[in-house]
Amino acid sequence: MFQQVDFSALNLPPSARALQLEVREFLRAEMAAGTFEVHLGHTEFNAELSRKIGARGWIGMTWPKRYGGQERSYLDRFVMTEEMLAVAAPCAAHWFGDRQTGPSLLRYGSEAQRGRYLPAIARGEYAFALGMSEPNAGSDLAAVKTRAARVDGGWKLNGQKVWTSWGHKADAFFVLCRTAPDSGNRHDGLSQLIVELKQPGVTVRPIHFMDGGHHFNEIFFDDVFVPDDRVVGEIGQGWRQITSELALERSGPERYMTTFPLFVELLRRLGASPDARATEMIGRLTAGLWSLRRMSLAIAMTLDPGPGAESGTPKASVDLATEAALVKDLGTFYEREIIDAARLLGEVEPQHNATDLFERFLTESIVAAPVSTLRGGTTQVLRSLIARRLLGPLK
Ligand SMILES: Cc1cc2nc3c(=O)[nH]c(=O)nc-3n(C[C@H](O)[C@H](O)[C@H](O)COP(=O)(O)OP(=O)(O)OC[C@H]3O[C@@H](n4cnc5c(N)ncnc54)[C@H](O)[C@@H]3O)c2cc1C
């Protein structure tokens, strides 16, 4: 039996359109004031901008008010994210908390954890990173070797994480680790712990990107004590908890809009009368963007728990992992189509120190191009997931 996929269409209601214009105006003013500069490739960590966005109520927008949220819709959150991406505004200081950690705490965290972390995330004052990957556990995440042993009042953590984006600036991260030996089912015995990054026994080392930039880290744990009240959800249920986060990570506009500002600069460069070849490419890219946007928006709308929902988390009963994987797979290839079109039509040599905006965006996009089909699930792994879900297991 084939599974259906659902990307139903919709238009923005007036309230979302008003928010769109408000966010757009805010970002324009902050850029003019010099709060941030547009850079493509990796979203930057800008604590000042995140605090200002938090003060506007645009972080944790869907969360309950008692945890610092606004009880707004997923559509509003989509609109806000889209505007940030349209100008490549730096989001790393609030991104992971807003998209993944916050919703996980709402669903699985204790009342004390929610009270301690959620309002601070929503104010843009507390940054989370993600501690999943290890040297031998990326796509095969259940192979994690970082382990926590039971001690009086908590857990003693030893091991290593890698590729931790902005781990050198974040305050804390969720660490996926093994709390019980592998008993045959590798998904059992995994747990999520909150590790605050300044605590004793945690060492953060940079991994420099090929242009010299520092986004990634490897993080080592040497007998790190994690008290019981930093266990997220239930011990042994880490796998189930983390897989629900991944659908959130894969379906948003950040999966097809990271090269959008390059597309805008390309249009500016081509001017009002592009030739036939350019017109055809622009048409194709515009249609691609429109389709991906509808798909991503449909997922945001389907996950929306509806007005006044107490939980502020996505509808638990809906499984859109296949749809999310489709958006990420198609979206990351779409981002590269923009780079290819810019290379073909822009007729410039990419240069690292270019002063022209189009040239700089093109260079930054080319340097960062390999990352999008890796982070958040590689192309091959996503396609396996899609094939298994849509076609069923191989006989
Ligand atoms: C920009 C960026 C930011 C990141 N940030 C973080 C972060 O903050 N926190 C974090 O924990 N991780 C982070 N990661 C790590 C990311 O999640 C992993 O890179 C990703 O899961 C792939 O794992 P890997 O690098 O170990 O590659 P591998 O899993 O070793 O894959 C190598 C190649 O083998 C292929 N492959 C693997 N398994 C299969 C299979 N079963 N079938 C077919 N092909 C397969 C893959 O598709 C890939 O092409 C980040 C990565 C990037 C690029």
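In listed order, ligands and their atoms are each counted from 1. The chain is numbered in sequence order, starting from 1.
- There is a protein heavy atom closer than 4.0 angstrom to atom 5 (N) of ligand 1.
- With a 4.0 Å heavy-atom cut-off, ligand 1 is reached by the side chain of F216 but not by its N, CA, C or O.
- Ligand-side atoms of ligand 1 in range of T378: 22 (C), 46 (C), 47 (O), range being under 4.0 angstrom from any heavy atom.
- The aromatic ring centroids of W155 and F225 lie 6.0 Å or more from each other.
- Distance screen at 4.0 Å: atom 42 (N) of ligand 1 has no protein heavy-atom neighbour inside the cut-off.
- Regarding atom 15 (C) of ligand 1, its nearest protein heavy-atom neighbour is S133 OG, 3.2 Å.
- One option in Q380, M132, E134 has a heavy atom closer to atom 45 (C) of ligand 1 than any other, and that option is Q380.
- Distances below 4.0 Å separate heavy atoms of V371 from the following atoms of ligand 1: 1 (C), 53 (C).
- With rounding to the nearest 0.5 angstrom, the CD atom of E37 is 9.0 Å from the CG atom of L357.
- Nearest non-hydrogen protein atom to atom 40 (C) of ligand 1 is V381 CG2, 4.3 Å.
- Protein heavy atoms all stay at least 4.0 Å away from atom 34 (O) of ligand 1.
- Side chain to side chain, Q20 and R17 meet the donor-acceptor criterion of an N or O pair below 3.5 Å.
- Residues Q380 and R383 bring no donor and acceptor atom of their side chains to less than 3.5 Å of each other.
- Contact atoms of ligand 1 toward L374: 20 (C), 53 (C) (distance under 4.0 Å to a heavy atom of the residue).
- The distance from ligand 1 to the heavy atoms of L130 drops below 4.0 Å at these ligand atoms: 7 (C), 8 (O), 9 (N), 10 (C), 11 (O).
- Although no hydrogens or angles enter the test, the distance criterion places a donor-acceptor pair under 3.5 Å between the side chain of S296 and the main chain of S251.
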May I have the step-by-step check of ring pair (Phe, Tyr, Trp, His ring centres under 6.0 Å) for Y126 and H94, ending in yes or no? CA-CA 8 Å; Y126 200 93; H94 66 270; over 10 Å; no
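- Annotation: W163 places an N or O atom under 3.5 Å from an N or O atom of ligand 1; distance criterion only.
- Each of F173, F96, F174 was compared with F128 under the ring pair (Phe, Tyr, Trp, His ring centres under 6.0 Å) criterion, and only F174 meets it.
- Backbone and side-chain nitrogen or oxygen atoms of S139 are examined, and one is located within less than 3.5 angstrom of a nitrogen or oxygen of ligand 1.
- Nearest-heavy-atom check against atom 26 (O) of ligand 1 across G138, P370, S372 picks out G138.
- The cationic atom of R56 (NZ for Lys, CZ for Arg) does not lie both less than 6.0 Å from the six-membered ring centre of F26 and within 45° of the ring axis.
- Here the heavy atom of the protein found nearest to atom 8 (O) of ligand 1 is S165 N, 3.0 Å.
- Of the protein's heavy atoms, at least one falls inside 4.0 Å of atom 53 (C) of ligand 1.
- When the options F45, W166, W163 are evaluated for a ring pair (Phe, Tyr, Trp, His ring centres under 6.0 Å) with H215, the one that passes is W166.
- By the side-chain contact (heavy atoms from CB on, under 4.5 Å) test, D356 is found to be paired with R269, F358, E359, residues two or more places apart in sequence or in another chain being considered.
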